[in-house]
Engineer: 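This is the structure I have questions about; it appears just below.
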Amino acid sequence: MIQKPRGTRDFLPDEMEARRNTETKMREAVRRWGYREVCTPEFEDLELFTLRSGEGIMQEMYVFEDKGGRKLALRPEITAAVIRMYINEAKVAPKPLRWCYFADCFRYERPQKGRYRQFWQFGAELIGADTAIADAEVIMLAADALNATGVTWDLKVGHLAFMKNLLKDLESSAQRRVMAHLDKKDFEGLKATLADMSKADLGESLTALVECRTLGEAFEIAGMIPEKERVEQMTGILDASGVTYSLNFGIARGLDYYTGMVFEGFAHNLGAENQIVGGGAYRLAHLFGGDDVASSGFAIGFDRVMVSLGDVQPKKNTIVGIVCTNEGRTFALSVARAFRAEGIRAEMDLMERGLGAQMAHASKSADFAVVIGGREAEAGQVTLKNLHSGEQKTLSPAVAIAEVKAHGAR
């Protein structure tokens with residue numbers, strides 16, 4: 001028996017309905033901010049991803065050659081593809097551009113709970129705005145999208161200017177080594193690495209910056225950075241808007257990629273793999289041959305959101321089972337069509353069962369049975385039975401539809 005590939009999943013109808021319900025809530029949340037959906041190809045030129053992250057990322061990707069010998073890759077993330085699309089299709093469009101996406105990505109890594117080889121991201125990119133309020137908008141947008149799902153989580157906001165100021169005298173390779181320790185909260189490793197660089201005194205400042213939680217403390221540790229006013233404006237906007245967050249200046253999200261504001265979000269109930277959103281301000285377009293445009297954005301790990309939500313099931317729309325005899329089938333088809341035209345799910349028997357068997361089958365999943373025999377068909381009426389209460393009435397199709405619609409979701 002052929003099995004699904006490792007690191008992938010099958011989704012049955014109940015799970016897909018739950019996923020689509022959550023996805024819809026997130027789409028609606030970002031729509032209200034003016035973000036419109038875009039879509040990019042599932043595979044891109046390999047160079048799109050190696051230019052940003054280096055050749056080493058190929059070990060974590062699905063890479064292949066097409067029949068023309070072109071090196072391609074299944075996308076491991078969406079941001080690079082969206083910026084490539086901006087350069088190709090919308091470089092002269094009025095700015096800022098507010099774009100969002102929901103798409104699957106692919107990474108060749110060890111599967112575990114909340115981490116798969118095929119996974120979904122919900123995200124947004126704000127292209128062409130380089131202000132404190134733009135930084136704040138992206139954070140607030142991510143918060144709205146996640147809060148709409150009902151997941152319980154914590155938001156951490158930082159700014160790389162503080163850490164960059166402390167590390168400005170180190171070469172890029174040395175900065176990356178230091179950042180790797182900070183990312184893992186490996187303070188012993190950090191101490192040893194800095195000692196090897198003859199920068200042992202830097203360890204105390206970096207550790208203090210990671211642990212501080214106020215702007216005042218951060219300025220005392222890192223000094224008066226040029227971005228001081230912008231950082232204060234951004235946090236002031238977040239505070240005025242009622243966003244629940246804490247400051248964290250130890251967020252290590254790639255000094256060679258992110259340029260300023262950074263943020264992360266962590267679910268309360270996911271254990272070690274609990275990060276569900278990450279984002280920040282960046283400049284990427286110039287790497288791909290475009291202009292040096294300021295951008296900011298985020299990606300939400302949709303699969304982790306669903307794991308965090310657990311078995312919470314959305315309300316299901318009312319289901320009607322159409323139960324009919326041979327004599328009533330033609331009329332029943334038109335009645336079923338009328339229910340569907342009003343947005344009501346109506347299912348007919350396809351197995352040529354008797355009336356009793358049809359009713360028994362409908363009672364397993366439907367909320368109402370619409371019974372149509374020869375007598376009902378001749379009179380142009382239906383017998384509507386509430387399968388929860390047992391109450392039944394003989395009504396015109398229009399009145400039956402109204403009663404079912406009044407029942408609402410369950």
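What's counted below: heavy atoms across the whole structure, side chains too, no hydrogens, waters or symmetry copies. Note that the numbering runs from 1 along the sequence shown for the chain.
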Engineer: Is it the case that more than 12 heavy atoms not belonging to Lys191 sit under 6.0 Å from its NZ atom?
Structural biologist: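 No, the 6.0 Å shell around NZ holds no more than 12 heavy atoms from other groups.
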Engineer: Hey, does Met359 have a side-chain heavy atom less than 4.5 Å from the side chain of Val371?
Structural biologist: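 Result yes, sub-4.5 Å side-chain heavy-atom pair found.
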Engineer: With a sphere of 6.0 Å drawn around CD of Glu65, does it hold more than 12 non-hydrogen atoms of other residues, nucleotides or ligands?
Structural biologist: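 Count over threshold, so yes.
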Engineer: Within a strict 4.5 Å, meaning less than it, do heavy atoms of the Val138 and Glu125 side chains meet?
Structural biologist: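 Val138 does not reach Glu125 side chain to side chain.
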Engineer: Is there a donor-acceptor contact under 3.5 Å from the side chain of Arg340 to the main chain of Ala346?
Structural biologist: yes
Engineer: Between Trp33 and Arg98, is there a side-chain heavy-atom distance shorter than 4.5 Å?
Structural biologist: no
Engineer: Does Leu170 offer a backbone N or O that forms a donor-acceptor pair with the side chain of Gln175 under 3.5 Å?
Structural biologist: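 At least one qualifying donor-acceptor pair exists.
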Engineer: Does Val82 offer a backbone N or O that forms a donor-acceptor pair with the side chain of Thr40 under 3.5 Å?
Structural biologist: no
Engineer: Using the test ring-ring contact (aromatic ring centres under 6.0 Å, His included), find all partners of Phe43 that sit at least two apart in sequence or belong to another chain.
Structural biologist: none
Engineer: Determine whether a donor-acceptor pair (N or O, by modelled atom type, separation under 3.5 Å) exists between the side chain of Arg213 and the backbone of Val210.
Structural biologist: yes
Engineer: Do the side chains of Arg84 and Asp45 get nearer than 4.5 Å, heavy atoms only?
Structural biologist: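 Not in contact.
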Engineer: Check whether Arg353 reaches the backbone of Gln358 with its side chain - one donor and one acceptor, N or O, closer than 3.5 Å.
Structural biologist: no
Engineer: With side chain to side chain contact (heavy atoms under 4.5 Å, CB included) as the test, would you mind laying out the steps for Val30 and Phe122 before giving the verdict?
Structural biologist: CA-CA 10 Å; Val30 301; Phe122 185 97; 3.8 Å; yes
Engineer: For a quick test of reading the model, state the closest non-hydrogen atom pair linking Lys156 to Ser246 and the distance between them.
Structural biologist: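 Residues Lys156 and Ser246, closest heavy atoms: CD-OG, 3.2 Å.
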Engineer: What distance separates Arg75 CZ from Gln121 CD, expressed to the nearest 0.5 Å?
Structural biologist: 9.0 Å
Engineer: Decide yes or no on salt bridge (charged side-chain N to carboxylate O under 4.0 Å, His left out) for Arg230 and Asp130, but give the supporting numbers first.
Structural biologist: CA-CA 10 Å; Arg230 178 161 174 167; Asp130 191 11; 2.8 Å; yes
Engineer: Output the distance between atom CD1 (Ile276) and atom OG (Ser308), rounded to the nearest 0.5 Å.
Structural biologist: 6.0 Å
Engineer: Using a 3.5 Å distance criterion without hydrogens, assess whether the side chain of Asp367 forms a donor-acceptor pair with backbone atoms of Ile319.
Structural biologist: yes
Engineer: Working to the nearest 0.5 Å, report the span between CZ of Arg176 and CG of Leu167.
Structural biologist: 12.0 Å
Engineer: Does some side-chain heavy atom of Phe331 sit less than 4.5 Å from a side-chain heavy atom of Pro397?
Structural biologist: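 Side chain of Pro397 against side chain of Phe331, heavy atoms only: contact under 4.5 Å found.
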Engineer: Whether the Glu137 and Tyr35 side chains hold a donor-acceptor pair (N or O, under 3.5 Å, no angle test) is what I'd like checked.
Structural biologist: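 Yes, side-chain donor-acceptor contact under 3.5 Å.
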Engineer: When you measure from the side chain of Asp144 to the backbone N and O of Ala29, does any donor-acceptor pair fall under 3.5 Å?
Structural biologist: no
Engineer: Determine whether Val305 and Val277 make a side-chain contact, defined as any pair of heavy atoms from C-beta on separated by less than 4.5 Å.
Structural biologist: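 A side-chain contact is absent here, since even the closest heavy-atom pair is not under 4.5 Å.
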Engineer: Do side-chain atoms of Arg117 reach the backbone of Glu109 as a donor and acceptor pair under 3.5 angstrom?
Structural biologist: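 Yes.
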Engineer: Could you walk me through whether Leu146 and Leu155 pass the side chain to side chain contact (heavy atoms under 4.5 Å, CB included) test, one step at a time?
Structural biologist: CA-CA 10 Å; Leu146 272 175; Leu155 173 61; over 6 Å; no
Engineer: What closest approach, in Å, do Phe249 and Ala218 show between heavy atoms, and which atom pair accounts for it?
Structural biologist: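 Distance-wise, the nearest heavy atoms are CE1-CB, 3.6 Å.
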Engineer: Could you state the interatomic distance from CG (Asp135) to CE (Met140), rounded to the nearest 0.5 Å?
Structural biologist: 10.5 Å
Engineer: Does Tyr108 have more than 12 heavy atoms from other residues, nucleotides or ligands lying within 6.0 Å of its OH?
Structural biologist: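 Open: at most 12 neighbouring heavy atoms sit under 6.0 Å from OH of Tyr108.
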Engineer: Does Glu77 form a side chain to side chain contact (heavy atoms under 4.5 Å, CB included) with Phe49? I'd like the steps, not just the answer.
Structural biologist: CA-CA 9 Å; Glu77 51 93 20; Phe49 305 109; 4.1 Å; yes
Engineer: Name the orientation class of the two ring planes belonging to His407 and His388 (parallel below 30°, tilted from 30 to 60°, perpendicular beyond 60°).
Structural biologist: parallel
Engineer: Do Phe302 and Phe119 make the cut of ring centroids closer than 6.0 angstrom?
Structural biologist: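 No, they do not, as the ring centres are separated by 6.0 Å or more.
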Engineer: Hey, could you give me the CD1/CE distance between Ile127 and Met85, rounded to the nearest 0.5 Å?
Structural biologist: 7.5 Å
Engineer: Take atom CD of Glu15 as the centre, draw a 6.0 Å sphere, and report whether it contains more than 12 heavy atoms from other residues, nucleotides or ligands.
Structural biologist: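 Counting neighbours around CD of Glu15, more than 12 heavy atoms of other residues, nucleotides or ligands fall under 6.0 Å, so yes.
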Engineer: On a heavy-atom basis, which atom in Leu309 and which in Gly150 lie closest, and how many Å separate them?
Structural biologist: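 Here Leu309 and Gly150 meet closest at CD2-C, 3.8 Å.
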Engineer: So, Thr394 and Glu376: side-chain donor and acceptor under 3.5 Å apart, yes or no?
Structural biologist: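 Judged by distance alone, the side chains do not pair up.
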Engineer: Calculate, to the nearest 0.5 Å, the distance between atoms NZ and CG belonging to Lys393 and Leu384 respectively.
Structural biologist: 7.5 Å
Engineer: More than 12 foreign heavy atoms under 6.0 Å from CZ of Arg9: is that the case here?
Structural biologist: yes
Engineer: Kindly give the heavy-atom pair with the smallest separation between Leu141 and Ala124, and that separation in Å.
Structural biologist: CD2-CB, 3.6 Å
Engineer: For residues Phe219 and Glu232, determine if any side-chain heavy atom of one lies less than 4.5 Å from a side-chain heavy atom of the other.
Structural biologist: yes
Engineer: What is the minimum heavy-atom distance between Val382 and Ser396, and which atoms define it?
Structural biologist: CG2-O, 4.5 Å
Engineer: Is the NZ or CZ atom of Arg304 positioned over Trp153's six-membered ring, under 6.0 angstrom from the centre and within 45° of the axis?
Structural biologist: no
Engineer: Is there a side chain to side chain contact (heavy atoms under 4.5 Å, CB included) between Tyr86 and Lys91 once you walk through the steps?
Structural biologist: CA-CA 6 Å; Tyr86 156 73; Lys91 192 162 58 174; 3.9 Å; yes
Engineer: Keeping the roles fixed (side chain from Gln233, backbone from Ile133), state whether a donor-acceptor pair exists under 3.5 Å.
Structural biologist: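 No, Gln233 side chain to Ile133 backbone: no donor-acceptor pair under 3.5 Å.
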Engineer: Flag the pair Val151 / Thr22 as yes when at least one side-chain heavy-atom distance between them is below 4.5 Å, and no otherwise.
Structural biologist: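 No; the side chains remain at least 4.5 Å from each other.
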